[in-house]
2 protein chains.
Amino acid sequence: MTGARKAAGQPDKRRAIVAGALKLFARDGYTRAALDAIAAEAGVSNRTIYNHFTDKADLFQAVIQDSTERVASTMVDIIDRHLTKVADLESDLIDFGVAWLGVLTSDLAPHFALIRQINAEQEHVPPAALQLWRRTGPQHTRHELAQRLRRIAERGDLAMDDPARAAGHLMLLISADNLADPRDLHDQRETRAMITAGVQAFLHGYARQIRR
Amino acid sequence: MTGARKAAGQPDKRRAIVAGALKLFARDGYTRAALDAIAAEAGVSNRTIYNHFTDKADLFQAVIQDSTERVASTMVDIIDRHLTKVADLESDLIDFGVAWLGVLTSDLAPHFALIRQINAEQEHVPPAALQLWRRTGPQHTRHELAQRLRRIAERGDLAMDDPARAAGHLMLLISADNLADPRDLHDQRETRAMITAGVQAFLHGYARQIRR
DNA sequence: TAGCTTCTACACCGATCGGTGTAGTTTAGC
DNA sequence: GCTAAACTACACCGATCGGTGTAGAAGCTA
């Protein structure tokens with residue numbers, strides 16, 4: 001609700017609260033996560049939380065915003081690192097996919113559990129928070145990815161009508177259904193095989209030389 | 001937990017309870033959904049629920065099983081209806097996709113909200129229930145779809161190494177990210193365009209004549 | 001040292017919820 | 001029409017939780 005916060009309280013306490021809240025919201029969901037447990041996790045008094053946030057809902061929204069921005073910037077970094085200078089498109093895309101999927105098992109993993117919670121609780125999450133996540137999260141990274149794909153297409157290695165749609169397809173084919181089922185992500189070989197298959201499915205659909 | 005139920009109570013009451021519970025579990029999630037509210041939704045006394053189910057968790061598991069079986073059989077029907085006799089592969093796949101996506105907005109829609117809840121609450125759902133859903137739900141339909149794709153491949157219209165993986169890709173490309181974001185699904189033209197793009201991406205990746 | 005803000009510990013309120021007990025009413029099957 | 005099972009209404013318990021009040025400790029600034 002309140003757009004601009006006036007930085008009440010100690011910044012390090014605030015960070016600890018947000019970090020602890022992310023962990024518990026991600027694991028337990030909005031309703032199940034108790035504020036006392038969050039306070040304990042953050043090594044902070046229950047009362048201090050209300051010194052930084054007006055509400056449980058307010059805290060939730062802050063957690064969404066913080067985590068989304070952090071993850072989105074990581075994703076954009078990966079896009080930049082792998083898809084700016086492209087030598088062998090297929091192997092570069094596979095490397096890109098490996099890095100992309102690696103985020104799901106990194107220390108940023110709780111974020112994606114949080115996203116599942118948001119998707120489940122859509123009816124109870126304030127619409128403003130939902131919209132904020134969609135824009136600065138998946139929409140932003142998809143746009144960034146689409147830009148790179150368009151540039152590669154202009155070089156002649158890809159052919160597509162709608163870069164945004166193609167970017168969405170690539171993201172789907174790379175992450176497969178692992179967003180819904182984050183197990184099996186620890187088998188390196190299986191993960192790589194899955195990514196390779198996804199990239200090949202993507203490429204042979206968009207590569208110009210095999211487009212009919 | 002208890003595998004075999006001894007059909008305690010009136011069957012129509014049981015059905016009403018399961019139906020009401022599905023609606024509320026889907027909308028509110030396991031924790032938020034109150035048993036009193038479920039009882040009211042089902043037009044049944046609070047106490048009657050405990051005559052049919054031992055627990056809230058027991059009821060939840062029954063709801064998962066019931067809804068999953070119903071939806072899976074619908075999906076298999078759609079596969080059978082559209083992919084048994086294939087004339088024009090691309091247009092048949094598009095029709096198939098339209099029917100497939102139509103389920104998401106049908107009266108079976110609450111099921112997918114329930115699935116989002118399950119995916120979010122994975123840490124708190126009994127593993128047996130999770131496994132049961134995965135097997136009789138997505139794994140089953142994917143296997144069924146893979147069978148059809150293999151048959152089409154044997155006829156020479158498709159080429160693929162791993163039919164199961166291909167089936168997964170097709171399911172992803174057809175439903176795009178609408179499983180996570182079920183809005184926008186009411187714009188007929190946009191939906192059809194999305195499905196068409198997905199099918200074309202799939203086809204040009206697996207069609208033999210354009211495989212390098 | 002003085003003064004201000006922040007944090008902590010703790011007790012507390014009101015509401016919600018899962019689950020039970022009970023007494024009485026309805027319904028199904030013989 | 002009788003009996004037993006099933007259902008209803010209602011009161012109730014114990015636990016959890018969001019949020020507040022308060023009094024004092026800790027830390028920063030001058």
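Side-chain atoms are counted along with the backbone in the values below, which use heavy atoms only and exclude waters and symmetry mates. First the proteins, then the strands, lettered A, B, ... as listed; each starts at 1. The model shown is predicted, which means the values in this text are computed figures rather than measured ones.
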Separation of [X] atom [atom1] from [N] atom [atom2], in whole Å?
| X | N | atom1 | atom2 | value |
| --- | --- | --- | --- | --- |
| A:Leu35 | C:dT8 | CG | P | 15 Å |
| B:Ile17 | D:dT8 | CD1 | P | 8 Å |
| B:Asp55 | C:dC17 | CG | P | 17 Å |
| B:Lys13 | C:dT27 | NZ | C1' | 10 Å |
| A:Tyr30 | D:dC17 | OH | C1' | 12 Å |
| B:Tyr50 | C:dC17 | OH | P | 12 Å |
| A:Ile49 | C:dT6 | CD1 | P | 16 Å |
| B:Leu59 | C:dG19 | CG | P | 10 Å |

Report, as yes or no, whether the 6.0 Å neighbourhood of atom NE2 on B:His124 holds more than 12 heavy atoms from other residues, nucleotides or ligands.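 More than 12 heavy atoms, drawn from other residues, nucleotides or ligands, come within 6.0 Å of this atom.
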Are any non-hydrogen side-chain atoms of B:Leu59 and B:Phe25 less than 4.5 angstrom apart?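 Sidechains of B:Phe25 and B:Leu59: in contact.
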Between A:Leu203 and A:Leu89, is there a side-chain heavy-atom distance shorter than 4.5 Å?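 Yes; the side chains approach each other to less than 4.5 Å.
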According to a strict under-4.0 Å criterion, is [X] in side-chain N/O contact with OP1 or OP2 of [N]?
| X | N | answer |
| --- | --- | --- |
| A:Asn51 | C:dT6 | no |
| A:Ser45 | C:dC7 | no |
| B:His52 | D:dC7 | yes |
| A:Lys56 | D:dC17 | no |

Base, sugar-phosphate or nothing for B:Ala33? Non-hydrogen atoms, less than 4.0 Å.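 Here B:Ala33 touches the backbone only, sparing every base.
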A:Glu144 (side chain) donor-acceptor with A:Val76 (main chain) under 3.5 angstrom: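 No, the answer is negative, given that no donor and acceptor are paired below the 3.5 Å cut-off.
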Measure from the side-chain N and O atoms of B:Tyr30 to the backbone N and O of B:Ala57, and report whether any donor-acceptor pair falls under 3.5 Å.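 Pair found, side chain donor or acceptor close to backbone of B:Ala57.
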For DNA chain D, find the residues of residues 36-43 of chain A with a heavy-atom distance under 4.0 Å and give them by number; none if there aren't any.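 Of all residues in residues 36-43 of chain A, none places a heavy atom under 4.0 Å from DNA chain D.
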If you assign each of B:Asn46 and B:Asp12 to its closest nucleotide in DNA chain D, which residue comes earlier from the 5' end?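 Of the two residues, B:Asp12 wins.
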Side-chain ion pair, A:Arg192 and A:Asp95, N-O less than 4.0 Å: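 Salt bridge present between A:Arg192 and A:Asp95.
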Whether the side chain of A:Arg47 and the base of D:dG21 hold a donor-acceptor pair under 3.5 Å is what I'd like checked.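 Pair found.
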Any chance the side chains of B:Arg150 and B:Gln147 put a donor and an acceptor closer than 3.5 Å?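 Looking only at side-chain atoms, B:Gln147 and B:Arg150 do form a donor-acceptor pair, the distance falling under 3.5 Å.
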